[in-house]
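Shown next, in structure tokens, is the structure this report addresses.
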Amino acid sequence: MSAEQQHRDGQAADPGPRSLAQALRERDDASLGALLRSRPDLLHPVPTDVTQLATRAGTRASVLRALEHLDRFALQAAEALAVAPDPASYQELLDLLAGDDGDEEVAGALPATVALLRERALVWGGEDRLRLVRTARELLAPSASHSSPTGLGPSVAEATSGMSPGRIQAILTAAGLPHTHDTVSAVAALSALFADRERVAELLEGAPEASREVLTRLVWGPPYGQVTAEPAAHLRWLLDRGLLLPTTPGTVVLPREAALSLRGGRAHRVPEPTRPRVAVAAERKPQVVDAAAGGQALAALDTVEELLRSWDEGGPAVLRAGGLSIRDLKRTATVLEVPEPVAAFWVELAYAAGLIASDGGYVEEHHERHDRPDADAEGYEDEETRDARTRRRSGEAEHYAPTPEYDAWRDLPPAERWAWLLEAWLPGTRAPGLIGGRDGRDRTLSALGPGLDRSPAPEVRRRVLELMAGLEPGQAPDPATLLERLRWERPLRSAGPRREQPEPPRTGVRPAYGGGVAANDPEALRTKLTEWALLEAEMLGVTGRGALATHGRALLGAEGRSEGAGAGTAPAGSARAAVVAALLAPLLPEPLDHVLLQADLTAVAPGPLVRPLAEALGVLADVESKGGATVYRFTPGSVRRALDAGRSATELHAFLDRHSRTPVPQPLTYLIDDVARRHGLLRVGAASSYVRCDDESVLDEILADRRATALRLRRLAPTVVAAQADPRTLIEGLRAMGFAPAAESAEGDVMIARPHAHRTPPRTPPAPVPDGPPAPDATLLTAAVRAVRAGDRAATAPRKETPQAPGGLPRTSPADTLATVQAAAMTGESVWIGHVNAEGAASQRLLAPLRVEGGYVTGYDHTADEVRTYALHRITGVAELADEPDGAEPAR
């Protein structure tokens, strides 16, 4: 027995519920919870009863969101129901999808699809009376101006609704049908003719070849065409027989019944009941994948640290409109030695992780002010806002800088630092690949600027990883089939039929990161989001050589192998981060506490260094090259930098002896001693500024040098020379002349120049902009279903007739209200009350009073399913419940 026969035989022959509310009311709690889980927008706020739930489920915004979360075959089934009779039987829906020749795959997949549409409250009714929710039908059905997504136009009855009876009778005559007595029967006869495949074929046997070509062009949509006031003969032949019907002046349409006959009964050219398979592009050993991913994760950490280190003393300025300038992005890319789009990704990742932010608060104020519960309309200003206002008035530039969280992040083990970054990347809605493109107003999108949030990004990102996790370990997916699978799971609903797009040529060249995308092209955006997800996962070390690593699978938790169409609820961030860090840690090399000194004034670090050694060596030497091993070069300038930081020559020699696995080369020893011998011989202080030196010949040499002209030096004493330049300019000028001056304080002591780390005030990371409300957890679902059931029992409880206020609220005098609730409290009965809260919102409640005192009534509210207290002066009136019929259970 086929699946569709089992589906049909397992259903009762009764007509089913009469409304969507009744269909929802007949569901069990598990089914109602499944609806709320799949459509979380119905929970905000929680519906008071089933009737309100059904009303909300039929609103345009909610139905649109539900349609956008259907897979392609479920959407095709909904589109077919929109052009089917209302109501339609299951067999009629199957015929529209499978066609006259049938389709076993469609027949096998349709029962589950109809059940899915029912679960999401888009379809209701019995098997012989399937009804699409009215709003969905309005969205998917054809109109006078556009066709259905199936490419079908209006029916004969809809297209001829404004046609004169004489014209309809003329069409019947030309089509070979007998005259009828009224228009209704004439339209029915014409519809029956076009719905009969054999009669349509007979009618077209005598059609001109050009007429058949016109029908061929229109049959799969769009079904509309333009005609002149005097149409050609082959068009006139179609118009006379009703195969083309006028809709507006100059526009004709192919009727739906005729199009279905020409299509062989199919509503869609290509039904797609089966999800596309993700092909395997390459297969590698899982150990090789993990090793490659671990190396890339270490490189990602190094890149983020280098970015934050370069901004440690204050980063680039913030543009007036927010974001990073193109020039500053280029400088950052040069420092990181990566292309600009890749540099933008690392900047955005650090921003999403809360490691960098604006130090002035302008940008954060724009994005976060509306989320602050304590920010009111009465002039409230927090410390950040006051700081921003002060900086604005003083003209001080706003800059990006590391946040205090950076110091905490830097002290974590490498694996935990990586997990921190991934916890920000996976749910983030900002799309760095858009940087450099244009927004809807033709403005350039900048790094860290507004306009980069794309709500589908986290779902696409997570679904890409889920599909990769569905493959065997070590298997790398084919990006083209991965994209096709995502298109099937989340098709883009449009007003017209989907046209097949030619597949791009497959080459060995991987797509470049970034490049932007048109603001009004959702298909191109989804394609780019998929490509960016693959590239970002590779750059971060979630994947290695194109396959998902073991620690990458842990990012998905238990849902990693899910075959569902949507992303599930992720595990708790802290627990997931701990698991991921534990899996990654063995793949990262242990930090080293030594280097290899070489005779060419370089030091080789054969791996990552412990933080104290890396920081000290970064002051003493310049990084020459990076990679598996980092090469540092010692220069006079780098040694002088270490001396300026307060280290003596003796301390530098001891430092190198302690951390070098090779003997300290003699040239390096000589370099340190030579720079130290000259360091501090000249002393620069503030007069405007001055130079002091015990060796008069050195000052003579400086005064005689032409390069000192710009410093405007003048000798005040044999050992003192004054300058008309500030101390910093004077020091830089003397160093350019080959000297090694040292700054001194007012007391004559050498001033130690340590780098000044600049930090922003405490900042919160940017909150993602999700696509609708978050998925509810089990606790919320249970409470919501319980509240809906309680509200429904209360709403359906019968009550006695009583005067009503506008809105249907019971209306009684204050004295009658008090007397009735007191009597109910003594007898234990429930009463209907009308209540108006402090915001003026009116509602009806079914209340069982327990205590009446002090102007308040406390009782069990059946509508809310909890004990509540109401002020008597806010109760509009009270109505007693009607007597229950014999055998009926009273509301509880």
Side-chain angles (χ1 to χ4, degrees), residues 310 312-314 317 331 394-397 399 601 615-624 632-656 666-758:
S310 66
D312 195 54
E313 298 183 45
R331 290 173 180 169
S394 63
E396 185 179 352
H399 292 81
L601 296 179
E615 292 178 350
L617 197 59
V619 176
L620 180 58
D622 298 324
V623 176
E624 189 169 80
Y632 295 86
R633 177 164 295 280
F634 299 94
T635 65
S638 67
V639 174
R640 184 174 62 242
R641 185 170 64 234
L643 295 173
D644 287 342
R647 307 294 291 271
S648 66
T650 303
E651 291 173 337
L652 294 180
H653 288 310
F655 170 79
L656 295 176
Q666 197 174 51
L668 180 55
T669 302
Y670 287 165
L671 174 64
I672 294 175
D673 290 340
D674 183 57
V675 175
R677 185 169 49 252
R678 294 184 293 113
H679 184 266
L681 183 61
L682 297 178
R683 300 292 185 88
V684 174
S688 290
S689 61
Y690 63 84
V691 180
R692 181 170 65 83
C693 182
D694 294 336
D695 189 345
E696 299 180 17
S697 62
V698 175
L699 295 181
D700 293 337
E701 182 182 351
I702 293 174
L703 291 170
D705 197 319
R706 291 184 178 180
R707 291 174 291 179
T709 304
L711 301 177
R712 302 175 67 180
L713 302 176
R714 184 167 63 89
R715 198 163 196 155
L716 301 181
T719 59
V720 180
V721 172
Q724 297 186 23
D726 60 90
R728 177 181 292 274
T729 303
L730 181 56
I731 290 175
E732 293 175 355
L734 293 174
R735 285 177 177 173
M737 296 165 61
F739 298 96
E744 71 175 9
S745 65
E747 293 76 19
D749 300 324
V750 175
M751 297 176 62
I752 297 175
R754 291 191 176 92
H756 174 64
H758 179 60

Does any part of the side chain of [Y], heavy atoms only, come nearer than 4.5 Å to the side chain of [X], both counted from C-beta?
{"X": "Arg715", "Y": "Leu703", "result": "yes"}
{"X": "Thr635", "Y": "Arg640", "result": "no"}
{"X": "Asp622", "Y": "Phe634", "result": "no"}
{"X": "Thr719", "Y": "Cys693", "result": "no"}
{"X": "Leu601", "Y": "Leu671", "result": "yes"}
{"X": "Val720", "Y": "Leu699", "result": "no"}
{"X": "Leu730", "Y": "Val691", "result": "yes"}

Item to check | side-chain contact (heavy atoms from CB on, under 4.5 Å) assessment of Ile672 paired with Leu656 | outcome: CA-CA 11 Å; Ile672 294 175; Leu656 295 176; 3.6 Å; yes

For [X] and [Y], work out which heavy atoms get closest and say how close.
{"X": "Ala621", "Y": "Arg641", "answer": "O-NH2, 3.2 Å"}
{"X": "Asp673", "Y": "Ala649", "answer": "OD1-CB, 4.4 Å"}
{"X": "Ile731", "Y": "Pro741", "answer": "O-CG, 3.9 Å"}
{"X": "Arg707", "Y": "Ala736", "answer": "NH1-O, 3.5 Å"}
{"X": "Ile702", "Y": "Ala708", "answer": "O-CB, 3.5 Å"}

Checklist entry - Listed by chain and number, what are the salt bridge (Lys or Arg N to Asp or Glu O under 4.0 Å) partners of Asp674, not counting sequence neighbours? => result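 Arg677, Arg678.
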
Checklist entry - Distance from Phe655 atom CZ to Arg647 atom CZ, nearest 0.5 Å? => result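 The CZ atom of Arg647 is 6.5 Å from CZ of Phe655, to the nearest 0.5 Å.
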
Checklist outcome for this item: Across all chains, not counting sequence neighbours, the side-chain hydrogen bond (donor to acceptor under 3.5 Å, both in side chains) partners of Ser648 are none

Item to check | Derivation and outcome, side-chain contact (heavy atoms from CB on, under 4.5 Å), residues Leu620 and Tyr632 | outcome: CA-CA 9 Å; Leu620 180 58; Tyr632 295 86; over 6 Å; no

